[in-house]
Amino acid sequence: MSALRVLIVDDEKPARQRLLALLERAPLVEIAGACGGGREALDAMRAAAAANHPIDVMFLDVQMPEVDGFDVVAALGDVLAPTRRPAIVFVTAYDEYALRAFDAHAVDYLLKPYSDERFQMALDRAARLARAGDADAVLQRLETLLTDLRSGQSGAPHYLDRIVLKDRGRVRLLPVTEIVWIAAEGAYVRLHTPTRASHLHRALLGEMEAALDPRRFVRIHRSAIVNLDWVDELQPESHGEFAVVLKERTVVRLSRTYRAALEVLLGQRV
């Protein structure tokens, strides 16, 4: 059995190094390259095909500046013949809605941070697709996914615009535009408002994250969600973390784990 030629595409060096380390331990794998961006990846794919050494599998980061992972997928049809297209595993820090879309289209992905075992599952599946000659069919599903995501037709849920608050027999409606940030408190969340008043609401933080519009609300820590409209500045700290200063001067920590999700929402690096 011939070695599987694998290309890594991620703009973050630590992410590339992790994939390199995992692939170097995998049997029957030849690392064809490690690209720092989408444009470089397309050039590498074109060159490999011209040399008659096409890429079999590509681990492709979604969130990259200039040419992102979806742009790479959209361009593959122009760059490669159908028989030369690779099996693709997205590497992403995307929100739950996008992951549900990936699942619906049978598209494999690694959600950062991922375990060694989850990586191996993705590699094994991609290898089976590449060796069975099914990669082009998967690419067609990727193109459909891309079209759906960008046109907003992939079954996007209706997001809450008001939160029902119950307290001592009273029921009031809190518009989500009045939520500055949300903190986890066990089986509850605390909803903070511009006046620094807060409301305790029975829900898990993950439930709130899924119920609110991800274009406005972003999780920046395992115990905090912020309303992007209320973010004033980001103050760099150590090890890739930031202090997020809100307009009413509350400071909430942005952990390195959730930094990529914020960058996706902003459409640029921080």
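At a threshold of 4.5 Å between side-chain heavy atoms, the hydrophobic network of Ile, Leu, Val, Met, Phe, Trp and Tyr places Val218 and Leu234 in one connected group.
Salt bridge absent: Arg216 and Asp213 never bring a charged side-chain N and a carboxylate O closer than 4.0 Å. Taking 4.0 Å as the cut-off between side-chain N and carboxylate O, Asp229 and Lys247 do not count as a salt-bridged pair. Classification of Arg16 and Asp61 as a salt-bridged pair fails, no side-chain N sitting under 4.0 Å from a carboxylate O.
Using a 4.5 Å heavy-atom threshold, the side chains of Gln235 and Val245 count as touching. Side-chain atoms of Lys166 and His201, non-hydrogen and from C-beta on, never get closer than 4.5 Å to each other. With contacts defined as side-chain heavy-atom distances shorter than 4.5 Å, the pair His199/Thr193 qualifies. The shortest distance between side-chain heavy atoms of Phe217 and Val176 falls below 4.5 Å. Residues Ile220 and Ile225 form no side-chain contact, since every pair of their non-hydrogen atoms from C-beta on lies 4.5 Å or further apart. A 4.5 Å side-chain heavy-atom check between Val180 and Val226 finds every atom pair outside the cut-off. Val62 places none of its side-chain heavy atoms less than 4.5 Å from the side chain of Asp68. When side chains are defined from C-beta on, Phe242 does not count as touching Glu237, because their heavy atoms never get closer than 4.5 Å.
Remark: Arg118 pairs with Asp108 by the salt bridge (charged side-chain N to carboxylate O under 4.0 Å, His left out) rule, at least two apart or across chains. Partners of Arg202 according to the side-chain hydrogen bond (donor to acceptor under 3.5 Å, both in side chains) rule, which considers only residues two or more places apart in sequence or in another chain, are Tyr188. Residues satisfying the salt bridge (charged side-chain N to carboxylate O under 4.0 Å, His left out) criterion with Arg256, sequence neighbours excluded, are absent altogether.
Under the 4.5 angstrom side-chain criterion for Ile, Leu, Val, Met, Phe, Trp and Tyr, the cluster partners of Leu123 are Leu4, Val6, Ile8, Leu19, Leu20, Leu22, Leu23, Val29, Ile31, Val57, Phe59, Val89, Val91, Leu110, Tyr114, Phe119. Applying the under-4.5 Å side-chain rule to Ile, Leu, Val, Met, Phe, Trp and Tyr, the cluster around Val164 extends to Val171, Leu173.
Note that CE of Met45 and CD1 of Ile55 are 6.0 Å apart. Values are rounded to the nearest 0.5 Å. In this structure, CD in Gln63 is found 9.0 Å from CD in Glu12, a value given to the nearest 0.5 Å. Atoms CD and CG, on Glu40 and Asp43 in that order, are 8.0 Å from each other to the nearest 0.5 Å. Put simply, CD on Glu178 and OG1 on Thr195 are 8.5 Å apart, with the number rounded to the nearest 0.5 Å. Interatomic distance, CD1 of Ile179 versus CZ of Arg190, reported as 13.0 Å (0.5 Å rounding). Taking CG of Leu129 as the reference point, atom CG of Asp124 lies at 11.0 Å (rounded to 0.5 Å).
In this structure, Arg196 places its CZ atom where more than 12 heavy-atom neighbours from other residues, nucleotides or ligands lie under 6.0 Å away. Within a 6.0 Å radius of CZ in Arg253, no more than 12 heavy atoms belonging to other residues, nucleotides or ligands are found. Within 6.0 Å of CZ in Arg249 there are more than 12 heavy atoms belonging to other residues, nucleotides or ligands. Enclosure of atom CZ in Arg46 by more than 12 non-hydrogen atoms of other residues, nucleotides or ligands within 6.0 angstrom is indicated.
Closest approach of Val72 and Gly38 over heavy atoms only: CG2-CA, 3.5 Å. Minimum heavy-atom separation, Ala183 to Leu205: C-CD1, 4.5 Å. Counting all heavy atoms, side chain and backbone alike, Leu28 lies closest to Arg131 at O-NH2, 3.8 Å. Contact between Ala224 and Val252 at its shortest, heavy atoms only, is CB-CG1, 3.7 Å. Counting all heavy atoms, side chain and backbone alike, Pro86 lies closest to Met58 at CG-CE, 4.1 Å. Counting all heavy atoms, side chain and backbone alike, Val9 lies closest to Ala41 at CG2-CB, 3.6 Å.
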Stepwise side chain to side chain contact (heavy atoms under 4.5 Å, CB included) check, Leu200 with Glu185: CA-CA 9 Å; Leu200 201 60; Glu185 290 193 17; 3.6 Å; yes
Working for side chain to side chain contact (heavy atoms under 4.5 Å, CB included), residues Val251 and Leu246: CA-CA 6 Å; Val251 178; Leu246 305 177; over 6 Å; no
Worked check of side chain to side chain contact (heavy atoms under 4.5 Å, CB included) between Val73 and Leu60: CA-CA 9 Å; Val73 171; Leu60 179 62; 4.0 Å; yes
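Ring geometry for Trp181 against His192 counts as parallel: the plane angle stays under 30°, on a 0 to 90° scale with 60° as the upper cut.
Checked by atom type and distance alone, the side chain of Glu207 pairs as donor or acceptor with a backbone atom of Leu204 at under 3.5 Å. No donor-acceptor pair closer than 3.5 Å links the side chain of Arg125 to the backbone N or O of Arg128.
When each of Gln17, Arg18, Lys112 is tested with Asp10 by the rule side-chain hydrogen bond (donor to acceptor under 3.5 Å, both in side chains), just one qualifies, namely Lys112.
Sorted by first and then second residue, the side-chain hydrogen bond (donor to acceptor under 3.5 Å, both in side chains) pairs involving residues 25-34 (not counting sequence neighbours) are Arg5-Glu30, Arg25-Asp116.
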